[in-house]
J.: 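Pasting a structure here, questions to come.
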Amino acid sequence: MPESDVEQLPRFPFEQPGALEPPAEWAELRAGCPVARVALASGDEAALITRYADVKTVLSDRRFTRPTPADGAARVADTESGGVFNSEMATVIPQHGAAHLNWRRMIGKWFTAKRMNALRPGIAAMAEQLVGEMVAKGGPADLKAGLAFPLPVWVICDMLGVPDADRDRFAHWSDVMLSMTRYTQEEFDAAQADFGRYMGAHIAEKRAEPGEDLLSALITDTDADGEHWSDALLTATGIGLLIAGHETTANMIAKMVAMLLADRTRWEELLADPSLVRTAVEETLRLDANAGVGMSRYLTEDFEVAGTVLPGGTTAMCSMAAANRDDTAFAAASDMDLRRSPNPHLAFGAGAHACLGQPLARTELQVALEVLLRMLPSLELAVPAAELRRIEGLAVGGLRELPVRW
């Protein structure tokens, strides 16, 4: 397609009216153009999928997977390499077939319901400590800095056996690697190299002196083929888990609380019936309007979606957040119903690449909400919801801060 034609396409992600409000384009495209041509931050063209059934179909089709640098797929970021999804790390972790399933099985053992239940008391104790420290300093306070960010960092660092004292470095490296428009290619390369050296040094330490953590287990265990993982795969996996394990959950804790406080009758409903915490968490995940760019799939052959044949070589951007507001999938889809059940939202994706860490994310979100309801029942926003500020230029969505008082 000529460059001038791509420049005329709508730019995705779309502008949002507010940090908690969905772009008008989602509903318009679901209704009239469920497979839309859009330009990404890189200027490359992609096909945007917005309806629930279509997003689930594309994500669940085992023929298609995350783009790799060899595909020549549309780049999400405006850097030369196209960002973390086209990075060196993406080539090391297997994305297809038996090798990918093998990789998931090795890690999935650490995210079972039994392990989550064992972690829960420790997560609650940490959340209580963080809220207590926030209260001691006095309000108003930034709930993101006080609770939402440090809690998931502590949890994932504990699981990986790396010091959470390094959390500011992790945050910087993660932000750079998840950049769409915020950082240069040189900054991306430097962050990836620094993060790789850091993780490589920890893996060497774990080899010499294994612990009870996930990294030590991955080093000492063998996979289904009886093979030990290479240092490159261990490093890429450690980086991937650290980024995924703190960045998205930290942002979601803050967004969840903001959504529940934006209309305080929701908070009051939870105070009156704390048993609703589980379904409330799921409903905030479903209604998250600030979830980020979504998931991309590289189509290796012609594929029909919503009556449109997408040719092989197309990059499909699946907007789970738009799909989660589809009235054909959810009754009164735009309304927040804290009692909604079942709630088969796509916030964690679908199919072979659905989020491995979703049991952990759910546990952290539930525990954070339980602790806040118990310790700070009078919690409220310190600014109008319309004044909350979005993070800009990253592949994941979030709030810059969450000012609260009690």
Side-chain angles (χ1 to χ4, degrees), residues 16-22 123-156 164-165 167-172 174-175 182 246-274 276-277 280-281 283-285 287-292 336 338 361 363-394 396-406:
Q16 290 182 236
L20 305 179
E21 301 300 319
I123 296 173
M126 182 62 179
E128 288 163 1
Q129 180 184 326
L130 290 167
V131 172
E133 290 170 358
M134 195 171 69
V135 170
K137 291 175 186 173
D142 176 6
L143 189 81
K144 183 174 181 182
L147 173 68
F149 175 62
L151 181 65
V153 174
W154 174 79
V155 174
I156 197 65
D164 72 320
R167 59 177 176 246
D168 289 339
R169 295 164 77 186
F170 301 149
H172 171 69
S174 298
D175 278 358
R182 192 186 286 186
H246 89 262
E247 187 89 29
T248 51
T249 308
N251 282 317
M252 192 61 219
I253 291 172
K255 288 183 290 185
M256 170 184 71
V257 175
M259 293 161 72
L260 294 170
L261 293 178
D263 176 351
R264 213 167 176 287
T265 61
R266 298 163 182 166
W267 192 258
E268 299 292 341
E269 188 177 357
L270 286 167
L271 288 171
D273 187 359
L276 295 176
V277 162
V281 165
E283 186 69 339
T284 58
L285 284 163
L287 274 180
D288 178 13
N290 184 8
M336 180 174 282
L338 301 185
T363 300
E364 291 175 283
L365 289 163
Q366 291 169 12
V367 168
L369 185 51
E370 287 165 353
V371 169
L372 286 170
L373 288 165
R374 187 173 71 248
M375 293 183 69
L376 293 176
S378 61
L379 192 67
E380 61 182 10
L381 293 179
V383 298
E387 292 180 15
L388 293 172
R389 302 186 300 167
R390 295 174 63 239
I391 293 170
E392 302 286 352
L394 297 186
V396 295
L399 302 172
R400 292 197 218 172
E401 62 281 307
L402 180 58
V404 295
R405 58 183 172 231
W406 51 89

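In this text, all values refer to a predicted model and were calculated from it rather than measured experimentally.
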J.: Show the nearest heavy-atom pair for residues G146 and L130, with the distance to one decimal.
T.: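 Heavy atoms of G146 and L130 come nearest at O-CB, 3.5 Å.
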J.: Are any non-hydrogen side-chain atoms of P403 and L388 less than 4.5 angstrom apart?
T.: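 P403 vs L388: side chains touch.
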J.: Quick one: closest heavy-atom pair of F170 and H246, and the distance?
T.: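 Heavy-atom minimum between the residues: O-CE1, 3.9 Å.
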J.: Name each donor-acceptor pair under 3.5 Å that joins a side chain in residues 377-387 to protein atoms two or more places apart or in another chain, with its distance.
T.:
| from | atom 1 | to | atom 2 | distance (Å) |
| --- | --- | --- | --- | --- |
| E380 | OE2 | R405 | NE | 2.8 |

J.: Check whether any side-chain N or O of Q16 sits under 3.5 Å from a backbone N or O of A289 as a donor-acceptor pair, and report yes or no.
T.: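 The answer is yes, because a donor-acceptor pair under 3.5 Å joins these two groups.
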J.: If only atom types and distance count, is the side chain of R266 paired as donor or acceptor with the main-chain N or O of M259 below 3.5 Å?
T.: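 Confirmed, R266 side chain pairs with M259 backbone.
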J.: What I want to find out is whether E392 reaches R390 closely enough, with some N-O distance under 4.0 Å, to be called a salt bridge.
T.: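 Counted as a salt bridge, because a side-chain N and a carboxylate O are separated by less than 4.0 Å.
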J.: Search all heavy atoms of I123 against all heavy atoms of E364 and return the closest pair with its distance.
T.: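 Result for this residue pair: CD1-CG, 4.2 Å.
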J.: Without swapping roles, check the side chain of N290 against the backbone of G397 for a donor-acceptor pair under 3.5 Å.
T.: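 The answer is no, because no donor-acceptor pair under 3.5 Å joins these two groups.
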J.: Please assess R264 against E268 for the test salt bridge (Lys or Arg N to Asp or Glu O under 4.0 Å), listing each intermediate value before the final yes or no.
T.: CA-CA 6 Å; R264 213 167 176 287; E268 299 292 341; 2.3 Å; yes
J.: Which residue in the set L270, V257, L260, V367 passes side chain to side chain contact (heavy atoms under 4.5 Å, CB included) when paired with L372?
T.: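 Output: one option passes, namely V257.
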J.: Which atoms form the tightest heavy-atom contact between K144 and R400, and what is the distance?
T.: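 It is CD-O, 3.9 Å.
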J.: Evaluate the side-chain contact (heavy atoms from CB on, under 4.5 Å) criterion for residues M256 and D288: first the C-alpha distance (whole Å), next the side-chain angles of each, then the deciding distance (0.1 Å), finally the verdict.
T.: CA-CA 8 Å; M256 170 184 71; D288 178 13; over 6 Å; no
J.: Would L399 and R389 count as a side-chain contact (heavy atoms from CB on, under 4.5 Å) if you check the C-alpha gap in whole Å, the side-chain angles of each, and the deciding distance to 0.1 Å?
T.: CA-CA 6 Å; L399 302 172; R389 302 186 300 167; over 6 Å; no
J.: Quick check: do K255 and T284 have side-chain heavy atoms less than 4.5 Å from each other?
T.: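 Of all side-chain heavy-atom pairs linking T284 with K255, none is under 4.5 Å.
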J.: Taking atom types as modelled, find out whether Q366 and E370 have a side-chain donor-acceptor pair closer than 3.5 angstrom.
T.: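 Note: Q366 and E370 side chains miss the donor-acceptor criterion.
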J.: Is there a side-chain contact (heavy atoms from CB on, under 4.5 Å) between L369 and W267 once you walk through the steps?
T.: CA-CA 10 Å; L369 185 51; W267 192 258; 3.7 Å; yes
J.: Just wondering, do I253 and P152 contact through their side chains at under 4.5 Å, heavy atoms?
T.: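 Yes - at least one pair of side-chain heavy atoms lies under 4.5 Å apart.
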J.: Hey, could you give me the CD/CD1 distance between E401 and I391, rounded to the nearest 0.5 Å?
T.: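 Reported value, rounded in 0.5 Å steps: 9.5 Å.
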J.: Can you check whether L365 reaches L285 side chain to side chain, under 4.5 Å on heavy atoms?
T.: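 Heavy-atom side-chain distance check passes, below 4.5 Å.
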J.: Can you name the nearest heavy-atom pair linking L20 to A262, along with the distance?
T.: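 Smallest heavy-atom distance, with atoms named: CD1-CB, 4.1 Å.
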J.: Yes or no on side-chain contact (heavy atoms from CB on, under 4.5 Å) for N251 and E247, after CA distance, side-chain angles and deciding distance?
T.: CA-CA 6 Å; N251 282 317; E247 187 89 29; 3.9 Å; yes
J.: Looking at CD of E128 and CD of E133, how far apart are the two atoms once the value is rounded to the nearest 0.5 Å?
T.: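 It is 12.0 Å, given to the nearest 0.5 Å.
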J.: Could you pull out the closest heavy-atom pair between D164 and W154, with the gap in Å?
T.: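 Nearest pair, atom of D164 first, then W154: OD2-CD1, 3.6 Å.
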